[in-house]
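No experiment lies behind these values; they were computed from the predicted model shown. Each chain gets a letter, A, B and so on, in the order the sequences are listed, and its residues count up from 1.
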Amino acid sequence: MADWKHTLNLPRTGFPMRANLQTTEPAVIARWNEMGLYARIRERRAGAPQFVLHDGPPYANGKIHIGHVLNKVLKDVIVRSRTMAGFDAPYVPGWDCHGLPIELKVDQELGGKKRHMSVADFRRACRRYAQKFVDRQSADFQRLGVLGDWDRPYRTMTPDYQAAIVRALGRFVEQRVVYKGKKPVHWCLHCRTALAEAEVEYEDHTSPSIYVEFPMREASAAALAEKAPAVAGRPVSVLIWTTTPWTIPSNLAVAFHPGVDYGVYAADGVAEAHAGDERGGAVIIAEKRRDATAAALGRDFGPPLATLKGRDLEGATFGHPLYDRDSVGVLADYVTLEQGTGAVHTAPGHGADDYATGVRYGLDVHAPIGPSGRFDDDVEIVGGQKVFDANPTVEAALADAGRLWHRDTVDHTYPHCWRCHHPVIFLATWQWFIGLDTGGLRGRALSAIRGVEWFPEWGEERIRNMLANRPDWCISRQRSWGVPIPAVYCAACREAVLTTALTDRAAAVFAEHGADAWYERDVGEFVPPDLRCPACGGAEFERERDILDVWFDSGSSHEGVLGDHPELDWPYNVYLEGSDQYRGWFHSSLLVALGTRNAAPYRQVITHGFVVDESGRKMSKSIGNTVEPQTIIRQSGAEILRLWVAMVDYREEVRIGPHILDRIVEAYRKIRNTLRILAANLYDFDPAAHAVPRDELLEVDRYALARYGEVAARVLRAYERYELQTVVRTVNNYLTVDISAFYVDVLKDRLYTLGPRAHRRRSAQTALHAIAGGITRLLAPILPVTCDELWRHLPGVDADSVHLADFPAEPESLVDPDLIARWTRLLGLRDAVNGELEKLRQDKVVGTSLEAAVTLTADGGLAGLLEAHRDDLATLFITSAVSLRTGPAAGGGESGALHRDADGCARIEVGRADGAKCPRCWRWVMPRGAGPDPAEAAVCDRCTNALADMAATVA
RNA sequence: GGGCCUGUAGCUCAGCUGGUUAGAGCACACGCUUGAUAAGCGUGGGGUCGGUAGUUCGAAUCUACCCAGGCCCA
C-alpha cells in the first residue's frame, strides 16, 4: 500500500510540545534584557496615558516566599495587561530597608563587635545587609518574569528617599499635629531600653495575686442607692484583682464591661475599713465571677442585693486604696469574665489597654517611675523603691489600710526580655505622635477613602473601621536603623523642639549625605542659628535619639519614589497588596499623603488574600506545609506559578499544594498544546498574501472567529476589572471546548488533505491565524515566556516580542449573534450524534467516526437549518457520509435516537459507512470506477484533485 | 473577645436581584485514534450546595445561630 502521508499538509512547527520551562524561562528573560524590553516599551508608550501601579515595598530580609510570588505576579500581570491595552504603565519596584528585623539580624551577626561600633557604623552594617537582600530578592522577582525598572528601584534607605521622609514629616510639623506625649511600652529594667513586641518572649512566671478593695465615694454610693434601695445605708466598694501590686500606686481608674451584669453583695469586709461603723458593707463583683471570687477568698456571697450593668458604673468615683485621690469608673470592652472579679484595675501608664482607656477618658498617663524601674522619690509609700521590690510594700500597705482582701500567688506566662530574660514591665515613656483629630486628619482620611475604588468593595469598610477607631499615630522608636526624627532638646530645660526649619535643614543634609549624617555631623549643622527654646529661650540644643516608625518610611513611598522617577504622575492608579496592609501600608500611605498633599495617593486599591495549604491551613515551617517557590520553579517553571496566581480567586485565601499544582500543570499543557497546533497549521501561511476576506470565509470559520470575538471582548473587560480568573477560565474553556475538541478536529480534513492553496484551506488558516495571534496576546501578561516564544513561531507578526504588541482591537466586531445561535444548535445535534456513534464504537461496529455514516430525519425549524448546512454536516460529525431527510422525526417504530432542540426534532440513525476507505484522506467513499478489488482502489476524486494541485505548485 | 472575609463535585471555579432534574474545565473510569502522539477525540460515573433552625407556595441563593478556616486587632 502506498504511503500517502507525505502528500498531506501535516502540521509542523518549531514550537516544542515539551515546554522545558526550567531552561526556556531564563533564556527568554535574558533575551528581554538584551533587547532592553522594558526601555523599549517605555519608548513605545511615550505620550500615552499613564497607568501607574505603585509597588508596595517588601521588607529587605530573607528569601522570597510564595506570598511574594502571589503579590509580584499579580502586579506584573496587571502592569503588562495595562501596557498592552495601550497605557504607559511604568513599574518601579521598591524595598523597605529600615527597621527592627534587620537591626536584630545584624546585631546577631556582629555579636560582641557591636559594642565598639558607633551608631553610624552600625547603620552602615545594616545598610550592607539590606542591600544584600535587595539584590537577592530582585533576582528572584526577575526570575518570575516580572518586568520593571530593576536598575532603578526605590529603597527607603537611599539619601533622596530619606530626605523625602523628613520632608513629609515636616509637613505634619507645619500643620502642628506632631506632639510629644507619654505612652506605655514594654520596658526592660535590666537593659534600660524599650522593647518591641518582637523582642518580648512570654515565659512562665510566678506573680502575686491580690484582691483589692476600692471604696465607693459617698456621692456615687448615694446615687447607686437611689436606683437600688436595698443598698441604701451601706458603705459600698468594688473589688479588683491584679498580679502587679506595684502598679496600684499608679491606679487612676476601675474598668467595667458595659454589657456585663454586676451584683452588689452584702459583705462584712467593708466594715473593717470603716472601723466603728455598724452598718454592713456591700461589694461590687461581676455576677458571673461571684462564685470563683468567693472560692478564691474563702468566703460566701449570698444573692445580690442589687444588680446593675457595667455601663451604670461609668463615672462612679472610688477612693484610691492607698492615697487620698479618686479612681474613676470607666468602661472597656476588653474586660473579660475569665478571671478576676470583672472589675479591672486600670493604670494608664502601665498597660496597653489601660493606656487606651486612659486616653479615651482623658486620664493622665501616670507612671512615676524612672528608666531603671525605681519609683520617683516623691511617691508616697514606695518612693525610691524598685518596682518588683515594691510589691510586698504595696501589699503590706494595703493590708494595713484594710483594703487587701486576699493574697496568693499565680503561675502564668509573663513577658520577658529576649536578651536578658528578665521580666519586663509596661512603662509610660515619652514618644512622638501625630494627632489624628487635632488637625482633622482622621476626618480627612475618612472622607478620602470614599473617593477610592476598593477591590473587593468591602475593603473600604475595613479600612474605615480602622481609621475611625485608631489612636494617634506613635511615630517614634528607640532604635538605630531608621530615619532619625530631627528634633532637638533644649540643653537647659529639656524641652523638645521640632520645627519645619529643623526638618528642612535635616532634609537638605540627608539628601546630600544620607541620614547617617545625623549621628556623625555636628548638631550645629541641623540647628538654625536663630533657634531658641520656646520654653526658656535657651540656645543650646542636643539631638533627639529616636527614629521614625518604619511605617512612616514605607508610607512615604509615594513621595520617595519620585526622587528617581519624577516622570510618575501623582496620585497613582493602583496599590495592590495583601489584606494585612489595610492596617499597614494602605493606612500609613494614606495618612502621609494627606499630610503632604491632602489627598489619597491611590485611585484604586486591590487586595489579595494569604496563601494557605491545600486544606486551607496557614503555612508554617513547624507544620511543614510550606510551598517554596524556588522548588516549584525548579520542578515545573515560573510560568506554572504565574498560571496558578491567575487561576485562583486571589481576593480570598488562596490554596496551594502538590495536587493543585498538578492541575495547573495539566491546564498549562492543554493551553500550550492547543496553541501549538494552531501555530503548526500556519507553517505555510502568509497572512499578507493568503488571508481570505471576511465575507469569503466558510461559515464555520466565521463561527470560530465570532466565538473568538466574544472571548476576547470578555477577556479585555476582565483585565480591566483585574479579574484574572475570568481571563484564564474564558480562554481555557474556549481553547479546550471550541478550539481543541471541535474546531481543530473538524478542520483536520480540510487542512491536511486539500491542496495547500485551496480556498477552503486558506479560509481555515485565516481564522486560525487571527485566533492564534489574538489568544497569544491575550495570555501574554499571564504567561509572558510561553507567549513570547509562541509569538516568534507565528507567521506575519510585526513586533519583536509579543510584549511590544497591543491587545486585539475591537474584537466584538467579529461577533455575529445569529451565526453563533445557528452553530450552537448544530453543535447540540453534534453532541447527540456523538452519543450514537459512541454506541457503535462500544459495540465494535466502528472505531473512528470516519467509518460511520449518519442518517438524519428532521422536522420543524431544525429541518430548515440542517437543509441550509447540508454540505457541512459530514464535516461537523467527522463522518464519511450524512444523508438528510425532511419529515416527521418522531414517527413510531423507527430505530435511532431522537434529538429535540428549541425548534424541531431530529431522528439520528448511525451505521457503517458504505464504500471503501480512501488511503489518503481516510474517508469512506464509493469506489471510483468498479475495480475488481476495492482495497486496491486509488485515492478518491477529491484527493486526486489535491494531488494535481500540488503537482502544479511544484511545477 | 472585636472588625472584615470565606466555606458549591477529588481540584480550580460558574451559578444576577430566591423558582424547571445545581453547571464548566481539569482529574477519574471505559472506549477510540496513532496524520497534535511523553499528544488528540468520544462516552460515562460523581455534589443537594459547611451544619442546624427559621422566613417563603418555593432557598445553594434571604435571616439567626453553630462549626471550620483566613487577615487585622485585643
Within 45 degrees of the axis of the six-membered ring of A:Trp551 and under 6.0 Å from its centre: does A:Arg583 put its NZ or CZ there? no
Under 4.0 Å between any heavy atoms, over every strand shown, what does A:Asp353 touch: base, sugar-phosphate, or nothing? Just pick one. sugar-phosphate
Is A:Gln581 near enough to B:rC72 that one of its side-chain N or O atoms lies under 4.0 angstrom from OP1 or OP2? no
For B:rA39, the Watson-Crick or wobble counterpart (both distances under 3.5 Å): none
If you look at every strand shown and take non-hydrogen atoms under 4.0 Å, does A:Gly616 touch a base, only sugar-phosphate, or nothing? sugar-phosphate
Euclidean distance, atom CZ of residue A:Arg583 to atom P of B:rG3 [Å, nearest integer]: 14 Å
Relative to each other, are the rings of A:Trp454 and A:Tyr602 parallel, tilted or perpendicular (30° and 60° limits)? perpendicular
Between A:Glu666 and A:His257, which has a closest nucleotide on RNA chain B that is more 5'? A:His257
What integer number of Å spans the C1' atoms of B:rG46 and B:rC26? 14 Å
If pairing requires Watson-Crick or G-U wobble contacts with both distances under 3.5 Å, which nucleotide is the partner of B:rU17? none
Residue pairs meeting salt bridge (Lys or Arg N to Asp or Glu O under 4.0 Å), one or both in residues 341-360 of chain A, sequence neighbours left out, come to none
Base, sugar-phosphate, or nothing: which does A:Phe610 touch, judged by heavy atoms less than 4.0 Å apart? sugar-phosphate
Quick one: is A:Gln842 getting a side-chain N or O under 4.0 Å of the B:rG31 phosphate, OP1 or OP2? no
Just to confirm, is there a sub-4.0 Å distance from OP1 or OP2 of B:rG69 to any side-chain nitrogen or oxygen of A:Lys618? no
With a sphere of 6.0 Å drawn around CZ of A:Arg830, does it hold more than 12 non-hydrogen atoms of other residues, nucleotides or ligands? yes
Identify the nucleotide, in any strand shown, that forms a Watson-Crick or G-U wobble pair with B:rA9, with both distances under 3.5 Å; if there is none, say none. none
Parallel, tilted or perpendicular: which fits the ring planes of A:Phe586 and A:Tyr575, with parallel below 30° and perpendicular above 60°? tilted
Taking the same atom, P, in B:rC41 and in B:rC16, what whole-Å distance lies between them? 31 Å
By the Watson-Crick or G-U definition, both distances under 3.5 Å, B:rU48 is matched with none
Using the salt bridge (Lys or Arg N to Asp or Glu O under 4.0 Å) criterion, which residues pair with A:Arg672? Sequence neighbours excluded. A:Glu789
Rounding to an integer number of angstrom, what distance separates B:rA36 and B:rU21 when you compare their C1' atoms? 38 Å
Fit a plane to each ring of A:Tyr262 and A:Phe256, take the angle between them on a 0 to 90° scale, and name the class: parallel (under 30°), tilted (30 to 60°) or perpendicular (over 60°). perpendicular
When the side chains of residues 344-352 of chain A are checked against the rest of the protein, which donor-acceptor pairs come out under 3.5 Å, sequence neighbours left out?
from: A:His345; atom 1: ND1; to: A:Asn251; atom 2: ND2; distance (Å): 2.7
from: A:His345; atom 1: NE2; to: A:Thr247; atom 2: OG1; distance (Å): 2.7
from: A:Thr346; atom 1: OG1; to: A:Val344; atom 2: O; distance (Å): 3.0
from: A:His350; atom 1: ND1; to: A:Phe426; atom 2: O; distance (Å): 2.8
from: A:His350; atom 1: NE2; to: A:Ser250; atom 2: OG; distance (Å): 3.3

For nucleotides 21-24 of chain B, which of its nitrogen or oxygen atoms have a protein nitrogen or oxygen under 3.5 Å away, and what is each distance?
from: B:rA24; atom 1: O2'; to: A:Asn733; atom 2: OD1; distance (Å): 3.0
from: B:rA24; atom 1: O2'; to: A:Asn733; atom 2: ND2; distance (Å): 3.1

Hey, what's the ring geometry for A:Tyr414 with A:His412, parallel, tilted or perpendicular (30° and 60° as the breaks)? tilted
Between A:Leu840 (CG) and B:rC30 (C1'), how many Å, whole number? 17 Å
Taking only side-chain nitrogens and oxygens of A:Arg617, does any of them come within less than 4.0 Å of OP1 or OP2 of B:rG69? yes
Using the P atom in both, what is the distance from B:rA29 to B:rU48, to the nearest Å? 22 Å
NA contact type, A:Asp662, heavy-atom cut-off 4.0 Å: base, sugar-phosphate, or nothing? nothing
Pick one: which of A:Arg942, A:Arg923, A:Arg760 meets side chain to side chain donor-acceptor pair (under 3.5 Å) with A:Asp749? A:Arg942
Anything under 3.5 Å between a protein N or O and an N or O of nucleotides 4-10 of chain B, put it in a table, one pair a line.
from: B:rU6; atom 1: O2'; to: A:Glu652; atom 2: OE2; distance (Å): 3.1

With a 3.5 Å cut-off and no angle check, do the side chains of A:Thr786 and A:Tyr668 form a donor-acceptor pair? yes
Between A:Arg750 and A:Asp701, does at least one N-O distance fall below 4.0 Å, as a salt bridge requires? yes
Please list each protein N or O that sits under 3.5 Å from an N or O in nucleotides 35-39 of chain B, with the distance.
from: B:rG35; atom 1: OP2; to: A:Lys5; atom 2: NZ; distance (Å): 3.0
from: B:rG35; atom 1: O6; to: A:Arg920; atom 2: O; distance (Å): 3.2
from: B:rG35; atom 1: O6; to: A:Trp922; atom 2: NE1; distance (Å): 3.0
from: B:rG35; atom 1: N1; to: A:Arg920; atom 2: O; distance (Å): 2.8
from: B:rA36; atom 1: OP2; to: A:Lys748; atom 2: NZ; distance (Å): 3.4
from: B:rA36; atom 1: OP2; to: A:Tyr752; atom 2: OH; distance (Å): 3.3
from: B:rA36; atom 1: N7; to: A:Lys748; atom 2: NZ; distance (Å): 3.4
from: B:rA36; atom 1: N6; to: A:Ser740; atom 2: O; distance (Å): 3.4
from: B:rA36; atom 1: N6; to: A:Ser740; atom 2: OG; distance (Å): 2.8
from: B:rU37; atom 1: OP1; to: A:Arg676; atom 2: NH1; distance (Å): 3.0

